[in-house]
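Computation of the quantities below employed the complete heavy-atom set of this structure, encompassing side-chain atoms and omitting hydrogens, waters and symmetry-equivalent molecules.
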Amino acid sequence: MNIQAGIFWIILTVFFEARGEDAVGQKNVAKVILNRAHKNNWPLEDVVKARKQFSCYNDGIKNSNPLLWIKEIEALVTVVKNVDYRDWE
């Protein structure tokens with residue numbers, strides 16, 4: 001797995017699924033993605049884009065202007081870095 005690409009998909013999905021949540025809620029979304037990838041032995045991109053798994057991908061990403069995302073994504077990078085990737089449960 002390409003780690004950088006995987007981290008990108010986690011951050012993007014957490015941003016669109018849980019940007020209004022606190023850090024705990026955001027970490028939980030990241031853990032769901034990791035658990036599904038581990039359980040099914042799928043790449044992270046396939047997990048987040050699986051049909052009807054994450055609402056942000058169901059009808060396409062609504063707000064596609066990345067300039068509006070920068071501050072929130074920077075904060076999410078910190079959250080995702082603090083997820084224990086060894087804890088699959």
Write down the atom of [X], the atom of [Y], and the distance for their closest heavy-atom approach.
X: A18; Y: G25; value: CB-O, 4.5 Å
X: Y57; Y: V48; value: CD1-O, 3.1 Å
X: R19; Y: F15; value: CB-O, 2.9 Å

- Qualifying residue for side-chain contact (heavy atoms from CB on, under 4.5 Å) with P43, from V47, D46, N40: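 For P43, the side-chain contact (heavy atoms from CB on, under 4.5 Å) test succeeds with only one of V47, D46, N40, which is D46.
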- Query: Would you say E21's side chain and Q26's backbone share a donor-acceptor pair under 3.5 angstrom?
  - Reply: no
- Could you please spell out the steps behind the side-chain contact (heavy atoms from CB on, under 4.5 Å) verdict for V29 and I33? CA-CA 6 Å; V29 171; I33 296 167; 4.3 Å; yes
- Residue pair W9, L12: steps toward the side-chain contact (heavy atoms from CB on, under 4.5 Å) verdict: CA-CA 5 Å; W9 286 108; L12 193 65; 3.9 Å; yes
- Query: Just how far is it from atom CD1 of I10 to atom NZ of K27, taken to the nearest 0.5 Å?
  - Reply: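 Answer for the CD1-NZ pair, I10 versus K27, is 13.5 Å.
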